[in-house]
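Take a look at the structure below.
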Amino acid sequence: MRGKSLFFFLVLITFHIVNAQQISIIIKGTDKPAELFILEGETLRLIDSLKYSEEKYSVDLEGNNYGIYRLKIDESHFLNFIYDGGDVVLETCIKAITDSLKIVKSESNRLYFRLLKLNRDFKIKSELLQLILTNYPRDDEYYSFTRNTLLKLRKEYLDFVNSESQKDKGSFIARYIKSSQLPVIDMNLPPGLQLELLKKHALDKVDFNDYDLIYSDVFTNKAIEYLTYYRNPNLSKGELEKEFIKAIDTLLVKARADLLVYQHIVDYLVNGFRQFGFDLIIDYIVENYVVRDDLCLNEMLENAIAKRIEQAKKFGKGERVPELFLPDRNDNLLKLNDVQADNILLLFYSIECPHCNELLTELNDFIKTVEKDKLEIVAISLEEDNKVWQEYIERKKFDFIHVNESSGWSGKTAIDYSVYATPTMFLIDHKKRIIGRPANIRELKMMLNQVLQK
């Protein structure tokens with residue numbers, strides 16, 4: 001009996017050794033420690049710190065999420081690779097990590113790096129070939145040669161993403177490639193119609209239900225790719241924001257298929273547009289998606305836009321605004337309840353803000369066209385130096401009710417109204433209830449016209 005038990009013990013040990021997971025990355029030319037991260041879009045989440053031991057980096061990822069991982073030696077030297085439960089053995093050198101990469105073991109990584117190359121080549125070559133076809137005479141011999149070259153390129157690409165990479169359709173890499181593939185549009189269509197089709201169908205292959213793909217760059221890459229179809233260098237910033245909002249609506253409606261995917265993409269969009277100063281777009285996403293669907297954003301991101309979210313939640317249409325008590329130019333205390341008009345515009349501004357000065361001038365021209373009892377403007381300065389404020393309003397001679405929050409951004413009024421940027425406007429009715437929060441004078445006119453027509 002003892003011999004039989006020992007036999008089974010040896011069988012189990014042998015089975016475990018044969019199936020032990022092997023994640024080994026050999027990088028010649030370095031012996032520095034490295035950090036291992038998992039990708040979550042453009043965010044890197046630290047998994048482990050690794051030493052270069054026995055001429056390789058080794059780690060056991062059993063129990064971790066399938067996805068794209070990054071072995072990072074420093075800011076200039078890193079390697080992304082796929083982990084989906086199988087062994088991974090890669091070899092390369094520090095001087096050319098990607099170009100000298102050899103995949104010793106891992107079919108998933110062979111497919112992954114083949115996709116990266118095909119995507120890069122297909123995008124560059126197809127755009128150049130398409131440009132030739134657009135501008136070359138169709139009866140020319142070179143036109144036929146170019147067309148056949150493009151057809152061959154497209155066939156090679158589609159064979160890979162639809163057939164070669166899909167032999168194990170349930171695997172992470174197969175699902176990743178399916179959602180990562182570039183859109184292929186009929187090359188005989190004129191460029192304008194191609195663009196319209198891309199706007200309608202570029203996201204058709206993306207599986208927004210597959211939350212495992214959060215641990216990769218699929219959704220962030222597709223978001224950027226889709227936004228480029230709406231980018232136009234000839235548009236003003238305001239016009240460009242409107243175009244991007246169209247793309248955002250399409251993206252986020254599709255992303256609602258899975259809550260985790262939805263939050264992941266919203267995080268990415270808000271953070272990206274915040275870095276580029278597209279405040280109108282951030283407000284739009286916060287109001288129409290974050291607040292409406294009660295999303296929980298990334299903690300760091302939520303802290304950065306906390307006042308935006310707070311303002312959107314507190315100051316919905318029909319909500320009563322807080323009372324305010326602020327001194328006017330004669331140092332008399334103004335109460336909001338003392339302001340008598342059918343509609344009141346509360347405008348928070350900063351003297352040093354260029355957009356505020358433009359808006360104040362536009363509002364001053366606009367108020368002259370509105371009956372006095374139909375709209376009153378209360379301009380709330382956030383200037384801590386009272387003398388500077390007094391000189392400013394004397395010089396500008398705007399036809400508003402002027403008050404000043406001398407404690408600036410940290411003052412009670414700014415806090416009560418969750419002011420996070422200037423200019424900020426609240427249009428309220430005579431009962432001090434929110435009609436809307438216009439972002440510019442055009443929106444103010446639209447809101448006011450709707451109210452006056454009732």
Side-chain angles (χ1 to χ4, degrees), residues 21-59 61 64-128 153 156-157 159-161 164-165 171-182 213-225 228 268:
Q21 220 160 48
Q22 186 182 17
I23 309 290
S24 297
I25 300 177
I26 301 163
I27 302 183
K28 297 175 182 177
T30 185
D31 58 1
K32 292 181 179 179
E35 292 179 315
L36 184 67
F37 299 87
I38 187 170
L39 266 64
E40 295 180 13
E42 290 191 348
T43 300
L44 297 175
R45 180 160 60 82
L46 182 64
I47 299 297
D48 203 355
S49 296
L50 306 178
K51 291 181 179 180
Y52 200 65
S53 176
E54 298 180 359
E55 299 185 340
K56 64 186 176 186
Y57 297 102
S58 299
V59 65
L61 290 176
N64 284 275
N65 294 100
Y66 291 176
I68 298 179
Y69 285 75
R70 174 171 296 179
L71 181 75
K72 180 180 173 184
I73 299 168
D74 55 44
E75 293 300 326
S76 304
H77 301 93
F78 60 86
L79 177 67
N80 290 351
F81 65 93
I82 291 280
Y83 166 68
D84 59 1
D87 293 348
V88 177
V89 182
L90 309 175
E91 288 184 9
T92 185
C93 71
I94 192 68
K95 291 182 179 179
I97 288 182
T98 304
D99 292 340
S100 62
L101 181 66
K102 181 182 177 183
I103 300 163
V104 180
K105 188 175 186 181
S106 176
E107 175 64 9
S108 294
N109 279 284
R110 186 191 71 78
L111 293 171
Y112 172 61
F113 285 100
R114 177 92 191 280
L115 174 74
L116 296 184
K117 185 179 186 305
L118 282 175
N119 270 359
R120 182 176 62 249
D121 290 352
F122 181 77
K123 185 172 177 58
I124 294 170
K125 291 178 182 178
S126 63
E127 286 179 358
L128 288 173
L153 180 71
E156 179 188 12
Y157 185 76
D159 282 349
F160 174 76
V161 297
E164 182 184 339
S165 67
S171 68
F172 179 87
I173 186 61
R175 286 145 47 209
Y176 174 83
I177 290 173
K178 182 181 177 183
S179 285
S180 295
Q181 64 182 283
L182 296 170
L213 295 177
I214 288 172
Y215 302 106
S216 73
D217 52 10
V218 169
F219 297 123
T220 51
N221 284 349
K222 282 298 174 182
I224 283 291
E225 178 192 305
T228 60
Y268 174 70

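None of the values given here were measured: they were computed from a predicted structure.
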Applying side-chain contact (heavy atoms from CB on, under 4.5 Å), can you list everything that pairs with [X], at least two apart in sequence or on another chain?
X: Tyr66; value: Tyr83, Asp84, Phe172
X: Asp121; value: Lys117, Lys125
X: Ser106; value: Val88, Ile103, Ser108, Asn109

key: Partner residues of Glu35 under the salt bridge (charged side-chain N to carboxylate O under 4.0 Å, His left out) criterion, sequence neighbours left out   = none
ask   = By salt bridge (charged side-chain N to carboxylate O under 4.0 Å, His left out), which residues pair with Lys56, not counting sequence neighbours?
value =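 Salt bridge (charged side-chain N to carboxylate O under 4.0 Å, His left out) list for Lys56, sorted by chain: empty.
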request  = Scan for salt bridge (charged side-chain N to carboxylate O under 4.0 Å, His left out) pairs involving residues 98-112, sequence neighbours excluded, and state none if there are none.
outcome  =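 Checked against salt bridge (charged side-chain N to carboxylate O under 4.0 Å, His left out) - neighbours excluded - the pairs reaching residues 98-112 are Asp87-Lys105, Glu107-Arg110, Arg110-Glu164.
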key: salt bridge (charged side-chain N to carboxylate O under 4.0 Å, His left out): pairs with one or both residues in residues 44-55, sequence neighbours excluded   =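 For residues 44-55, and leaving out neighbouring residues, the salt bridge (charged side-chain N to carboxylate O under 4.0 Å, His left out) pairs sorted by first residue read Glu40-Arg45.
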key: Heavy-atom side-chain contact between Leu36 and Leu61 under 4.5 Å   =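 A side-chain contact under 4.5 Å exists here.
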ask   = Taking the side chain as C-beta and beyond, is there a heavy-atom pair between Ile47 and Asn64 under 4.5 Å?
value = yes
query = Of all residues at least two apart in sequence or in a different chain, which pass the side chain to side chain donor-acceptor pair (under 3.5 Å) check with Asp159?
reply =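 Lys155.
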ask   = Who passes side chain to side chain donor-acceptor pair (under 3.5 Å) against Ser179, sequence neighbours left out?
value =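 Here no residue qualifies.
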Supply the atom-to-atom distance [X] [atom1] to [Y] [atom2], rounded to the nearest 0.5 angstrom.
X: Phe113; Y: Thr98; atom1: CZ; atom2: OG1; answer: 6.5 Å
X: Ser180; Y: Ile173; atom1: OG; atom2: CD1; answer: 8.0 Å
X: Ile25; Y: Leu90; atom1: CD1; atom2: CG; answer: 5.0 Å
X: Ser58; Y: Ile26; atom1: OG; atom2: CD1; answer: 8.5 Å

Nearest heavy-atom neighbours spanning [X] and [Y]:
X: Ile94; Y: Gly29; result: CG2-O, 3.5 Å
X: Lys32; Y: Tyr57; result: O-OH, 2.5 Å
X: Phe160; Y: Leu111; result: CZ-O, 3.5 Å
X: Ser165; Y: Ala174; result: O-CB, 3.5 Å

Output side-chain donor-acceptor pairs under 3.5 Å for residues 214-221, partner residues at least two apart or in another chain, one line each.
| unit_1 | atom_1 | unit_2 | atom_2 | d |
| --- | --- | --- | --- | --- |
| Ser216 | OG | Leu213 | O | 2.6 |
| Ser216 | OG | Val218 | N | 3.2 |
| Asp217 | OD1 | Tyr176 | OH | 2.6 |
| Asp217 | OD2 | Asn221 | ND2 | 3.4 |
| Thr220 | OG1 | Asp217 | O | 3.2 |
| Asn221 | ND2 | Asp217 | O | 3.3 |

request  = Walk me through it: do Ile97 and Phe78 pass the test side-chain contact (heavy atoms from CB on, under 4.5 Å)?
outcome  = CA-CA 7 Å; Ile97 288 182; Phe78 60 86; 5.9 Å; no
task = Could you go through the side-chain contact (heavy atoms from CB on, under 4.5 Å) check for Gln181 and Tyr157 one step at a time?
result = CA-CA 9 Å; Gln181 64 182 283; Tyr157 185 76; 3.8 Å; yes
Per-pair distances, 0.1 Å, donor-acceptor, side chain in residues 67-74, under 3.5 Å, sequence neighbours excluded:
| unit_1 | atom_1 | unit_2 | atom_2 | d |
| --- | --- | --- | --- | --- |
| Tyr69 | OH | Asn65 | O | 2.5 |
| Arg70 | NE | Asn80 | OD1 | 2.8 |
| Lys72 | NZ | Glu75 | OE2 | 2.8 |
| Asp74 | OD1 | Ser76 | N | 2.9 |
| Asp74 | OD1 | His77 | N | 2.9 |
| Asp74 | OD1 | His77 | ND1 | 2.9 |
| Asp74 | OD2 | His77 | ND1 | 3.2 |

ask   = More than 12 heavy atoms of other residues, nucleotides or ligands under 6.0 Å from NZ of Lys222: is that the case?
value = yes
inquiry  = Strictly by ring pair (Phe, Tyr, Trp, His ring centres under 6.0 Å), give each pair with a member in residues 23-42 just once, sequence neighbours left out.
reply    = none
